[in-house]
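Reminder, nothing fancy here: chain letters follow the sequence lines and each chain counts from 1. Here the structure is a predicted model, which means the values were calculated and not measured.
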Amino acid sequence: MLVQNWVFSSVLIANRGEIALRIVRTVQALGLRAVVVYHRLDVGAPAVQRADEAIEIHGATPVAAYLDGAQIVEAARTTGAGAVHPGYGFLSENAGFARACREAGLVFIGPTPELIELMGDKVRARGFVERAGFPVAPSAIEDDEPATFNQRALAVGFPLLIKPAAGGGGKGMRIVREPSQLASEIERARSEGARYFGDGRLYVERFVENPRHIEVQVLGDTHGTVVHLFERECSVQRRFQKIVEESPSPALTEAQRQAICETAAGIARSAGYTNAGTVEFIYGGGDFYFLEMNTRLQVEHPVTEAILGIDLVEQQLRIAAGEPLVFSQADLKPSGHAIEFRVYAEDAAAGYLPTTGPVLMLRVPAGEGVRVDSGIAAGQDVTAAFDPMLAKLIVWGENRAQAMERSRLALRDYVLLGCKTNLGFLSRLLRHPAFAAGEIHTGFLDAHPDIAAEPDLTLATKQQLLASAALTCRPVRDAADAVPILHAAMGAWRN
Amino acid sequence: MAHNFSLHGHPHEVWLARAPSGYTLHIGDHSVAVAMVARGEHVHELTVGDCSERIYVAVRGDEVHVHLDGQAHTLRYTHNLERFSGEEQGEAEAVSRAPMPGAVIAVHVQEGQSVARGEVMVVIESMKMETAICAGHDGTVQKLHVVEGQTFDRDAPLVTLERAEPVA
């Protein structure tokens, strides 16, 4: 597996959390040196501990440090890294950063800046896909004629979705159901877009109620080969952000699967796509249309790795080093079923509000088909400074039923104490009959608020909890131990 | 002596007493035999009545965090003094607190400045959404607790307003 004579022998990972650690592992497995950047809040993170070298970066806010491309390029220079892996989020879809890497003589592990620009600008990407003959949804694009944008948006029809032209990951998106709300929602979305992406341009598109979100993983090498690596169903979402992803999608027939996957490969091929990317589709009533293309590694990529036995980060590195793909489309045969659960620091019952707190105890599940990609360690603090995703649990089974049963056990055995997480919520979601039946859509959690609600405690559970607290708590136990048994018994009668 | 734990926001009064083997826990009118044996760091075997189960426990200050049957719970030990002292609330001032953890993206007011009810004082960002923190009443900004770019936890004070004197 060790590689030789590549143009780079050391890779700087410009990210944090679970993905930084996951990339470090593959970089080291290939015999390359792994360098990570970190903000001081992350000094205790597993990736920082595991990397061959770690270099501190600074910023006005912790997030700003990881968004500072110039500082990261300088860190690569200082540490002698020959390549930069951006992970997901942060600078991963920033064409300017990819270009800055190239100009500094660094290999950017991803597509070219030109491809990031084409697909990263959602408006240009839609136009490109439409012209290439693939299906897209009714929309209005501000840039076409800014003066008439609001009128054209009205004409798209309601409900509609406002999206930042430069956006991604659900940031700055707003659903509008009433024409009277349109103008004010456009202003808010513009402000958010300007702040997150430095670009306040918008577009709107008809919002399909309760659609499924199905995406297709693609890989393209620098020798003109593009393959798809099948689909992932990511319909269980809150606030447009995914919580559970699986492959294969329980919704698709074999013919539909082939059609959607070949469409994705066709879009990537038309663009001359290189490296890893994901084509996202909205799927409803048997039809699908192009949503957007993400020009980076996805959070949920392990689902694909689990059904194909392929390390996608290794493929990214090999492609960036100029190697041709060693498999053809016909070689790719998925096996079994994989489900990923995102472990978030949040309170599902309180509207999925993010939570903070120290990680007092952490015990991750293990077992056949169980993988945990975690970015935290016991002793670390979960703060409001970063995204609330702490880890991912990926479970593989020979079929969906076995994957679900293994997931049930893994979620039960996942212990994280000190900071409230969504682990209990994930268990309730898994048990829900509609989820078990694969009847999911992007409005699934709104339609089933009982999943988010904390169930009432049974009397037996209350007794167990109060007993464990009383027996653990010093003042309670000391008070009990200070009274001889006979008196204690009298005390009880007296009460 | 009775002790109080809050569990999911509800107070529970308990009384723990030594018993010939282990302890007896009194909860209201019920009493039940309980015992806990350590099986490793944070790992315990808890017995309540005839039923034993493996649990995980971590303590931080007055908080007891328990993982029981796949669910994490937090109990808080309430000191007696705390229980009986009511919360002191100033009538003349009002503190705007963070409804959720997040970061400050804009501060529109200065200390000493007068604001009208509904005026935007601070804009915060949480869950990738902007939320405007507005003045709940007319008044003067007595204290700004945050600056732009600062991150905060839930319930952190953001702005303290002094109520405007009613016009005589």
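The parts of Leu465(A) that come within reach of chain B are both its backbone and its side chain, each placing non-hydrogen atoms under 4.5 angstrom from that chain. Contacts between Tyr23(B) and chain A at a heavy-atom distance below 4.5 Å involve the side chain alone, from C-beta outward. Only the side chain of His73(B) comes within contact range of chain A, with at least one heavy atom under 4.5 Å from a heavy atom of that chain. In this structure, the portion of Glu454(A) lying under 4.5 Å from any heavy atom of chain B is its side chain and not its backbone. Within the 4.5 angstrom heavy-atom criterion, only side-chain atoms of His8(B), from C-beta onward, approach chain A. Contacts of Arg174(A) with chain B are made by side-chain atoms alone, with heavy-atom separations under 4.5 Å and no backbone atom involved.
Heavy atoms of other residues, nucleotides or ligands lying less than 6.0 angstrom from CZ of Arg40(A) number 12 at most. Annotation for Asp50(B): atom CG does not count as buried by contact number, only 12 or fewer foreign heavy atoms lying within 6.0 Å.
The candidate with the highest count of non-hydrogen atom pairs below 4.5 Å against chain B, out of Gln463(A), Arg412(A), Arg188(A), Arg195(A), is Arg195(A). Among Asp69(B), Val59(B), Thr151(B), Leu46(B), the residue making the largest number of heavy-atom pairs under 4.5 Å with chain A is Leu46(B). Note: Val476(A) leads Val476(A), Asp481(A), Asp347(A), Thr461(A) in heavy-atom pairs under 4.5 Å with chain B. Listed options Val415(A), Leu411(A), Thr355(A), Thr421(A) were ranked by heavy-atom pairs under 4.5 angstrom with chain B; first place goes to Val415(A). Here Leu25(B) is the residue among Asp29(B), Leu25(B), Val32(B), Thr74(B) with the most heavy-atom pairs under 4.5 Å with chain A. Ranked by heavy-atom pairs shorter than 4.5 Å toward chain A, the options Ile55(B), Val66(B), Thr47(B) are led by Val66(B). Note on Gly418(A), Cys473(A), Ser427(A): by heavy-atom pairs under 4.5 Å with chain B, the leading option is Gly418(A). Ranked by heavy-atom pairs under 4.5 Å with chain B, the first of Leu360(A), Val63(A), Leu416(A), Thr383(A) is Leu360(A).
Between Asp138(B) and Arg117(B), no side-chain nitrogen of the basic residue sits less than 4.0 Å from a carboxylate oxygen of the acidic one, so the salt-bridge criterion is not met.
Under 3.5 Å, the side chains of Arg363(A) and Tyr56(B) contain a donor-acceptor pair of N or O atoms.
Taking the six-membered ring for Trp and the full ring otherwise, the centers of Tyr66(A) and Phe386(A) sit less than 6.0 Å from each other.
Remark: the backbone N or O of Val14(B) is not paired with any side-chain donor or acceptor of His3(B) at under 3.5 angstrom. A distance-only check finds no donor-acceptor pair linking the side chain of Glu45(B) to the backbone of Glu53(B) [under 3.5 Å]. Side-chain N or O atoms of Asp153(B) include none that pairs as donor or acceptor with a backbone N or O of Ala156(B) at under 3.5 Å.
In this structure, Arg238(A) is positioned above the aromatic face of Tyr344(A), its NZ or CZ under 6.0 Å from the six-membered ring centre and within 45° of the axis.
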